[in-house]
Structures are given as structure tokens and as C-alpha cells.
Amino acid sequence: IDVGKIMQVKNISCHFLSDNQDWIFLPQKVTVQVSEDGNMFKSIGESTFTDEKEVKGAVIQPVLFSYKGKVRFIKLTAINQGTCPPWHPGAGNKAWLFADEIAVE
């Protein structure tokens with residue numbers, strides 16, 4: 001993401017949906033990197049999620065990375081679970097990953 005100019009930030013966040021019934025799972029891992037020039041990126045955080053246990057209904061999981069510094073470019077990477085877990089009726093089939101907008105404060 002190019003925010004257009006170098007700016008002071010304090011938080012970068014995103015929300016992920018978990019809805020096992022519809023084969024939607026949280027990511028295995030989410031990482032965020034920032035840069036002022038678009039070439040040299042610095043890692044500012046990582047969140048990991050273990051294989052989900054069966055959850056009834058939809059759940060929204062926020063992920064927040066605090067960073068007090070100047071940035072222009074942001075790389076947020078979310079790694080999909082890949083396949084539905086063994087306990088799921090769709091075990092072994094491809095899993096979905098749903099995320100909403102990335103917010104920069």
C-alpha cells in the first residue's frame with residue numbers, strides 16, 4: 001500500500017472473518033512491514049493463529065500492529081490456512097481467507 005506521502009502512523013489494523021460452516025478460516029500468520037522509500041522494509045509485527053477448533057457462526061478477529069514512526073509504504077501479508085482441517089466436513093479442500101480494509105491511523 002502506498003499512502004501517498006511519508007506520514008506519522010501509530011497503528012495499522014485489519015479484520016479477518018472466521019466462518020467454518022462456509023469454509024472461511026483465519027490466516028495462519030499475518031505480518032506487517034513498513035518503508036519510507038519502497039525499497040527498504042522493516043518488519044513491525046506478526047500475529048499467528050493455530051488451527052481453529054470448530055466454531056459455530058461467524059467471528060470477526062481484529063489484528064492490530066502498533067508502530068510509532070514514519071511510513072509511506074505498507075506490506076500486510078496474510079497466509080491462508082490452505083485447506084480445511086481434519087475435523088471439518090470439507091477436510092482437505094481449499095479454505096477461504098476473508099479480510100476487510102486495512103486501516104492506518
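Val9 is not listed as a side-chain neighbour of Phe65, based on a closest heavy-atom distance of 4.5 Å or more. Contact check for Cys14 versus Val30: no side-chain heavy atoms found under the 4.5 Å cut-off. Ile12 is listed as a side-chain neighbour of Val34, based on a closest heavy-atom distance under 4.5 Å.
Rounding to the nearest 0.5 angstrom, the gap separating the CD atom in Glu46 from the CD atom in Gln33 is 10.5 Å. Trp96 contributes atom CH2, which lies 11.0 Å from atom SG of Cys84 (distance to the nearest 0.5 angstrom). In this structure, Thr31 OG1 and Leu76 CG are separated by 7.0 Å, a value rounded to the nearest 0.5 Å. The NZ atom of Lys75 sits 13.5 Å away from the CD1 atom of Ile44 when rounded to the nearest 0.5 Å. In this structure, NZ on Lys29 lies 11.0 Å from OG on Ser47, to the nearest 0.5 angstrom. Atom CG of residue Asn93 and atom NE2 of residue His88 lie 9.0 Å apart, to the nearest 0.5 angstrom.
Surrounding CG of Leu64 are more than 12 heavy atoms belonging to other residues, nucleotides or ligands, all under 6.0 Å away. Counting heavy-atom neighbours within 6.0 Å of Lys10 NZ, excluding the residue itself, gives a total of 12 or less.
With Asn80 contributing its side chain and Ala95 its backbone, the two residues share a donor-acceptor pair below 3.5 Å. At least one donor-acceptor pair under 3.5 Å links the side chain of Ser35 to the backbone N or O of Met40. Without hydrogens or angle criteria, Asp100 side chain to His15 main chain gives a donor-acceptor distance under 3.5 Å. Of the possible donor and acceptor atoms, none in the side chain of Gln21 sits under 3.5 Å from a partner among the backbone N and O of Gly57. A donor-acceptor distance shorter than 3.5 angstrom exists from the side chain of Asp37 to the backbone of Asn39, with no hydrogens or angles considered. In this structure, the side chain of Asp22 does not engage the main chain of Asp19 through any donor-acceptor pair within 3.5 Å.
Minimum heavy-atom separation, Gln61 to Phe49: CG-CE2, 3.5 Å. Residues Gly90 and Trp23 come closest through the heavy atom pair CA-CZ2, 3.7 Å. Contact record, Thr83 with Gly92: CG2-O, 3.5 Å, taken as the closest heavy-atom pair. Pairing each heavy atom of Ile102 with each of Ile1, the nearest pair is CD1-CD1, 3.5 Å. What you find for Arg72 and Glu36 is that their closest heavy atoms are CB-O, 3.7 Å.
Cluster annotation: Val63 is not connected to Ile79 through the hydrophobic network of ILVMFWY side chains, with a link wherever side-chain heavy atoms come within less than 4.5 Å. Follow the hydrophobic side-chain contacts under 4.5 Å out from Ile74 and you never reach Ile6; the two are in separate clusters. Following chains of ILVMFWY side-chain contacts shorter than 4.5 Å, one cannot reach Phe73 starting from Val32, and the two form parts of different hydrophobic clusters.
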